[in-house]
Amino acid sequence: MKELVKKKLGEAFLECRKEGILQSKNMPEFAVEVPRNRGHGDLAANLAMLLAKQEKKPPKEIAKALISRLTHDRNIVEKTEIAGPGFINFYLKSNVWHNVLKDIEKAGASYGASDIGKGEKIMVEFVSANPTGPLHIGHGRGAAVGDAVANILGFAGYSVEKEYYINDVGNQMQNLGKSVYIRYLQLLKQDIVFPDDLYRGDYIFDIAKEVILKHGKRFLDADEDEAVTFLTGFASKHILNGIAGDLEAFGVHFENWFSEKELFDNGEVGESIEHFKKKGLFYDKDNALWFQSTSFGDDKDRVIVKDNGNTTYFASDIAYHMNKFKRGFKKVIDIWGADHHGYVPRIRSVLKALELPEDALHVILVQLVSLLRDGHPVAMSTRSGEFVTLKEVIDEVGKDAARFIFLTRRSDAQLDFDLGVAKKQSDENPVYYVQYAHARICSIISFAEEKGLDLPAFSAIKTEQLSTPEETGLIKKLSQFPWVVEGSARTCEPHRIATYLLELVGQFHSYYNKHRVITDQQDLSSARLYLMNSIKTVLKNGLSLLGVSSPQKM
RNA sequence: GCGCCUGUAGCUCAGUUGGAUAGAGCAACGGACUUCUAAUCCGUAGGCCGGGGGUUCGAAUCCCUCCAGGCGCGCCA
């Protein structure tokens, strides 16, 4: 619809130019938008205002000229007007809107889907927490955002894969192994102090206990290095299983679990270093190997191989990102905690050095989550192991509420997550506001069935029955859904969908209280019932993009 | 010191990549269930969009500057 109006205005512009009324050679890139205010028609264009300057004419005069040359279909456009500083407002015939209902019926579960991705391969990499401990609430936010972004991109026509990158090499892993080793010895009655810099969480004890259960006392006399190596593998596998389980409980499923260790084992880290060396982008200094990242927009050059011969984390990450593109992904989305934001220019410099387009990488920074309980901060200390895990949060407040809270806010703003509020099944918790609408509609539909009124097909309803301002408003709102999904996909901002759903549902509840769906007039009831079902479809589609369930009953 | 993010109603947040009179929800106050789910609705009140400059027909949105909060600035991961 917007495109059509845009095209028609473009034609009017050309016509004006031909007649010599307008002089501008190029038509400016103008917008056709749904006005915020209902009194401003159904669509509004700002073309005249944009032309005002170069034409040196008042925008209203230009608008007048444009409108007079506008050839529009009387079956679509009811009327046009010039308003405000020079907007051209379009009022559309109500049957135009009614067609939306047909679209929804036809598309069903894929209403809102599009093909802007054109099947392009795109990867969303998220969570990727070190397997050194259970996931906490911050990871949960990343998980919710990543999963929703992946869903939305898939809906927008991309071929999406979700991937978890496992940092299973390095000091942190060693420390994990050591932590388990010491707890193991302690459990077997050896008197050893637990060093400060290791992982103190209770889960380490649990792992140590399992080691005893499965392997008995055989590490008591074994060589420490060997024992730690084994326990590192044992513990990370154990923790990773836990992480995968927690994510499943959160409704997040990854296609790929990608191991950093494998990048080393199959030689890709070495290969990528060779590749950069050959291009002359690495240099030696102070016994280390450096990447000239400042030539590609970073503020410092970065070490790739340390003077002790070990590679840095950055070295793996170069290899990993090269690997992503080697696998044929045209676009890669990385979702990181905002505390890693300093890392962005570094990784961007890699892509630049590889001569990949700027938009091949999109980094979403997910801001910090502060956990509260009834307004008071919950102490979170990873060191001491005193923290609330994601699993505990899911168990306490539920998957749907947790996800919705994460997804109603922009991810680049800090977030207070209040367990007390999240748990409450009340007005303070908007997830239920949306879900309740879905359940309510289900209830109306089954009530209608009891009365012998089945859900009609579009062809069977009399659309002119849907004539109240509330009904027209609802239909217009439904028509915006595909556009909202597109915007959400384009910007990788899932919260736009959450916001939309809240608005839609607000209109629905209001309508419900004002009008009865099931009346004693059959045509009216039938048309309204149909409208309700259209809302239900959109709600379900929207909620499922967010990974939130659509209950039949509440 | 440098860089990134944030600052919008008492609270939590939207604001469609510069548009018309800045919007929701919660909390507060006043109303609405013999009628399809009151986890709902209706109404009232609440604002120098952090401050100040600039850009233009037009700024919460873009630029500069200052203030406040958060996070980064490792041969850690």
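Here is how names work: the chains are called A, B, and so on, in the same order as the sequence lines, proteins then strands, and each is numbered from 1.
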Check: For A/R516, which contact category applies under a 4.0 Å heavy-atom criterion: base, sugar-phosphate, or nothing?
Finding: base
Next item on the list: Select base, sugar-phosphate, or nothing to describe what A/V34 touches, counting heavy atoms under 4.0 Å on all strands.
Entry: base
Notebook entry, point to check: With a centroid cutoff of 5.5 Å and a plane-angle limit of 30°, would you call A/H40 stacked on B/G19?
Noted result: no
Next item on the list: Pick base, sugar-phosphate or nothing for A/L50, based on heavy-atom distances below 4.0 Å to the nucleic acid.
Entry: base
Check: Is A/N175 touching bases, backbone alone, or none of the nucleic acid, heavy atoms closer than 4.0 Å?
Finding: nothing
Margin query: Under 4.0 Å, heavy atoms only, any strand: does A/N130 hit a base, just the sugar-phosphate, or nothing?
Written below: sugar-phosphate
Next item on the list: Could you please name the option among B/G19, B/U40, B/A14 that lies closest to any side-chain atom of A/N513?
Entry: B/U40
Next item on the list: Using a heavy-atom cut-off of under 4.0 Å over every strand shown, decide if A/S443 touches base, sugar-phosphate, or nothing.
Entry: base
Note to self: Does a side-chain N or O of A/K514 approach OP1 or OP2 of B/A32 to a distance below 4.0 Å, or not?
What the structure shows: no
Margin query: Only pairs with both distances under 3.5 Å count, Watson-Crick or wobble alike; so what is the partner of B/C75 in this structure?
Written below: none
Check: Do the ring centers of A/F258 and A/Y164 come within less than 6.0 Å of each other?
Finding: no
Notebook entry, point to check: When the C1' atoms of B/A77 and B/G18 are considered, how many whole Å apart are they?
Noted result: 42 Å
Note to self: Return whichever of A/D339 or A/D416 has its heavy-atom-nearest nucleotide of RNA chain B closer to the 5' end.
What the structure shows: A/D416
Check: What nucleic acid atoms does A/A439 come within less than 4.0 Å of, heavy atoms only: base, sugar-phosphate, or nothing?
Finding: base
Margin query: Say we look at B/G70 and B/G50: how far apart would their C1' atoms be, to the nearest angstrom?
Written below: 15 Å
Note to self: If you compare every side-chain N and O of A/R490 against the phosphate oxygens of B/U17 (OP1, OP2), does one of them come in below 4.0 Å?
What the structure shows: yes
Next item on the list: Indicate, with yes or no, if the rings of A/F404 and A/Y432 have centres closer together than 6.0 Å.
Entry: no
Next item on the list: Indicate, with yes or no, if the rings of A/F406 and A/H495 have centres closer together than 6.0 Å.
Entry: no
Next item on the list: Name the pairing partner of B/U16, where a pair is Watson-Crick or G-U wobble with both distances under 3.5 Å, or state none.
Entry: none
Check: Which part of the nucleic acid, if any, lies within reach of A/D412 when heavy atoms closer than 4.0 Å are counted: base, sugar-phosphate only, or nothing?
Finding: sugar-phosphate
Next item on the list: Could you check how far CD of A/E260 sits from P of B/C76, rounded to whole Å?
Entry: 14 Å
Checklist line | B/G54 and B/C13, which share atom name C1', separated by this distance in whole Å | finding: 30 Å
Notebook entry, point to check: For B/G47, what is the paired nucleotide under Watson-Crick or G-U wobble rules, both distances under 3.5 Å?
Noted result: none
Check: Hey, does the side-chain of A/N46 have a donor or acceptor N/O within less than 3.5 Å of a partner on the base of B/G19?
Finding: yes
Next item on the list: Could you check which of B/A14, B/U37, B/U17 has an atom nearest any side-chain atom of A/Y512?
Entry: B/U37
Checklist line | Syn or anti conformation of B/C48, syn meaning chi within 90° of 0 | finding: anti
Note to self: Heavy atoms only, 4.0 Å cut-off, all strands: where does A/A31 land among base, sugar-phosphate and nothing?
What the structure shows: nothing
Note to self: So A/Q507, base contact, sugar-phosphate only, or nothing? Heavy-atom distance under 4.0 Å.
What the structure shows: nothing
Next item on the list: Decide whether A/S525 and A/Q522 meet the rule of one side-chain donor and one side-chain acceptor closer than 3.5 Å.
Entry: no
Next item on the list: Please state whether the base of B/A77 and the side chain of A/D317 form at least one donor-acceptor pair under 3.5 Å?
Entry: no
Item checked: Option from A/W290, A/F314, A/F276 for which ring pair (Phe, Tyr, Trp, His ring centres under 6.0 Å) with A/F282 holds -> A/F276
Checklist line | A/E260 side chain to A/S316 side chain, donor-acceptor N/O pair below 3.5 angstrom | finding: yes
Item checked: Span that lies between the P atom of B/C41 and that of B/C26, in whole angstrom -> 7 Å
Next item on the list: Answer with base, sugar-phosphate or nothing: what part of the nucleic acid does A/P59 contact at a heavy-atom distance below 4.0 Å?
Entry: nothing
Check: With rounding to whole Å, what would you report as the distance between B/A45 and B/C29 at their C1' atoms?
Finding: 8 Å
Note to self: Partner lookup for B/C41, please. Criteria are Watson-Crick or G-U wobble with both distances under 3.5 angstrom; report none if nothing qualifies.
What the structure shows: B/G31
Note to self: On RNA chain B, compare the nucleotides closest to A/G342 and A/H495; which residue's is nearer the 5' end?
What the structure shows: A/H495
Notebook entry, point to check: Is a salt bridge present between A/K178 and A/D197, judged by a nitrogen-to-oxygen distance below 4.0 Å?
Noted result: no
Next item on the list: Tell me what A/V169 touches on the nucleic acid: a base, only sugar-phosphate, or nothing, going by heavy atoms under 4.0 Å.
Entry: sugar-phosphate
Check: For A/Y433 and B/A39, are the ring centres under 5.5 Å apart with planes inclined under 30°?
Finding: no
Check: How would you label the contact of A/A52 with the nucleic acid (heavy atoms, under 4.0 Å): base, sugar-phosphate, or nothing?
Finding: nothing
Margin query: Using a heavy-atom cut-off of 4.0 Å across all strands, would you classify A/K300 as base, sugar-phosphate, or nothing?
Written below: sugar-phosphate
Check: Donor-acceptor pair under 3.5 Å: do we get one between A/H341's side chain and the base of B/G3?
Finding: yes
Margin query: Regarding A/K324 and A/E125, does a basic nitrogen lie under 4.0 Å from an acidic carboxylate oxygen?
Written below: yes
Next item on the list: Look through every strand shown and name the nucleotide pairing with B/G58 as Watson-Crick or G-U wobble, where both distances are under 3.5 Å.
Entry: none
